[in-house]
Amino acid sequence: MTTRLAIIGGSGLYDLPGLTDTRWVSVDTPWGAPSDEIFLGRLGDAELAFLPRHGRGHRIPPSEVNYRANIAALKQLGATDVLSCSAVGGLRADLPPGTFVIVDQFIDRTFARDKSFFGTGCVAHVSMADPTCHRLGDHVQKRLAEQGVPHVRGGTYLTMEGPQFSTRAESHLYRSWNCSVIGMTNMPEAKLAREAELCYCSVSMVTDFDCWHVGHDAVTVDAIVKVLLANAENARQMVRGLAEDVAHDEHAAACGCRHALDNAIITAPAARDPEVVKRLQAIAGRVLA
Ligand SMILES: CSC[C@H]1O[C@H](OP(=O)(O)O)[C@H](O)[C@@H]1O
Ligand SMILES: Nc1ncnc2[nH]cnc12
């Protein structure tokens with residue numbers, strides 16, 4: 001299996017200049033339409049797909065992003081690896097704005113989103129013990145180090161429902177849970193990537209200190225955008241380098257993420273709903289064929 005990298009661009013990352021053979025393609029999925037058309041292009045001999053999570057112009061709020069359609073569309077286009085880029089608030093004093101965190105754990109506090117491709121007619125339970133791809137994280141870390149970008153390997157991303165930012169009491173609560181950063185989008189994205197057997201790595205760029213830090217004003221969109229604009233080129237450069245590395249990674253095919261469904265489906269074959277199974281071909285064809 002070849003490796004194909006997809007980038008999900010978060011706040012401030014709505015395009016990916018510098019590619020060749022570029023085009024925007026429209027993709028439909030059994031779960032509806034993704035956030036926008038998907039941008040395809042090449043970097044050297046690497047093929048890339050790019051999807052702006054909130055759509056171009058940032059039209060879609062975090063609770064209304066169709067996460068299932070986004071992940072399914074990337075899978076349908078042949079993506080094997082997903083790099084998720086996000087803006088986050090820092091919940092630790094040693095994670096100031098401008099720091100990139102290669103997240104490796106999540107706490108999911110969202111409650112108004114579709115979180116699984118599976119359901120009545122075909123039930124599955126994938127492991128989320130290690131929700132991100134360590135191999136992909138290695139590539140990201142290497143690139144950020146080469147670029148001299150301040151970064152941290154590992155951290156817990158608290159996903160809140162939003163769209164309002166946290167109260168001060170909530171911010172302190174999440175700090176007491178040892179969370180590193182806070183955002184509104186990585187769940188259920190990471191869960192769905194796992195169900196679709198995609199390698200998933202979240203790179204979160206700290207844009208603010210949320211509202212817990214006595215020495216800093218509470219977060220505003222204005223302040224976030226300023227930091228995003230100042231750091232967007234770091235993110236783009238990292239992505240461009242990563243494309244080549246991922247394309248030539250000999251270990252990719254053996255990655256455990258790509259076998260997440262091996263022991264996950266519990267519904268007996270005879271009890272599966274044929275319509276549901278048909279829909280699931282888009283993301284689970286490997287085990288349901
Ligand atoms: C623009 S401020 C809040 C907004 O930014 C983050 O989005 P993303 O993860 O797509 O970069 C955060 O989760 C909120 O959706
Ligand atoms: N403080 C914060 N809370 C939630 N999402 C964010 N995205 C960027 N900063 C954030």
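Because only heavy atoms are used, hydrogens play no part in the values below, and waters and symmetry mates are left out as well, while side chains stay in. Both ligands and their constituent atoms are indexed starting at 1 by order of listing. Because the structure is predicted, anything quoted here is derived from the model rather than measured.
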Return yes when atom [atom1] of [X] has more than 12 non-hydrogen atoms of other residues, nucleotides or ligands closer than 6.0 Å, and no otherwise.
X      : atom1 : result
Asp217 : CG    : no
Glu250 : CD    : no
Arg42  : CZ    : yes
Asp28  : CG    : yes
Asp130 : CG    : no
Lys142 : NZ    : yes

Measure up the Phe209 and His216 rings against each other and bin them: parallel (under 30°), tilted (30 to 60°), perpendicular (over 60°).
tilted

Which residue supplies the protein heavy atom nearest to [atom], what is that atom called, and how far is it?
atom                    : result
atom 3 (N) of ligand 2  : Phe165 CD2, 3.5 Å
atom 10 (O) of ligand 1 : His54 NE2, 2.5 Å
atom 8 (P) of ligand 1  : Arg53 NH1, 3.4 Å
atom 5 (N) of ligand 2  : Gly183 CA, 3.5 Å
atom 7 (N) of ligand 2  : Ala87 O, 3.3 Å
atom 15 (O) of ligand 1 : Pro62 CG, 3.4 Å
atom 9 (O) of ligand 1  : Thr185 OG1, 2.6 Å
atom 6 (C) of ligand 2  : Ile182 O, 3.7 Å
atom 3 (C) of ligand 1  : Phe165 CE2, 4.2 Å

Any nitrogen or oxygen of [X] lying under 3.5 Å from a nitrogen or oxygen in ligand 1? Just yes or no.
X     : result
His58 : no
Cys85 : no
Ala87 : yes

Should you measure from each heavy atom of [X], which atoms of ligand 2 turn up under 4.0 Å away?
X      : answer
Asp210 : 1 (N), 2 (C), 3 (N)
Thr207 : 8 (C), 9 (N)
Ile224 : 8 (C), 9 (N)

Within a distance under 4.0 Å of any heavy atom of [X], pick out the atoms of ligand 1 and give their elements.
X      : answer
Gly183 : 13 (O)
Met184 : 12 (C), 13 (O), 14 (C), 15 (O)
Ile224 : 2 (S)

Is the backbone N or O of Cys85 less than 3.5 Å from a side-chain atom of Arg53, with the two atoms forming a donor-acceptor pair by type?
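Yes; at least one donor-acceptor contact below 3.5 Å.
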
Applying salt bridge (charged side-chain N to carboxylate O under 4.0 Å, His left out), run through Arg258 and Asp81 and close with a yes or a no.
CA-CA 9 Å; Arg258 300 187 184 187; Asp81 294 49; 2.6 Å; yes

Checking Arg135 against Asp245 for the salt bridge (charged side-chain N to carboxylate O under 4.0 Å, His left out) test, could you report, in this order, the C-alpha distance in whole Å, the side-chain angles of both residues, the deciding distance, and whether it holds?
CA-CA 11 Å; Arg135 179 186 56 80; Asp245 299 344; over 6 Å; no

Met184 N/O to ligand 2 N/O under 3.5 Å
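There is no such contact.
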
Would you check whether Gly89 has a nitrogen or oxygen atom less than 3.5 angstrom from a nitrogen or oxygen atom of ligand 2?
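The answer is yes, given that Gly89 and ligand 2 share an N or O pair closer than 3.5 Å.
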
If I take atom CG from residue Leu198 and atom CD1 from residue Ile283, how far apart are they, to the nearest 0.5 angstrom?
9.0 Å

Which bit of Asp208 gets closer than 4.0 Å to ligand 2, counting heavy atoms only: side chain, backbone, both or neither?
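Looking at Asp208 and ligand 2, just side chain atoms fall under 4.0 Å.
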
Pro163, Ser11, Ala223, Gly10: member with heavy atom nearest to atom 7 (O) of ligand 1
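Checking each option, the heavy atom nearest atom 7 (O) of ligand 1 is found in Ser11.
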
Evaluate side-chain contact (heavy atoms from CB on, under 4.5 Å) for Tyr200 paired with Arg194, printing each intermediate quantity in order.
CA-CA 7 Å; Tyr200 180 87; Arg194 177 56 51 84; over 6 Å; no

Just checking, any donor-acceptor pair under 3.5 angstrom between side chains of Asp45 and His248?
yes

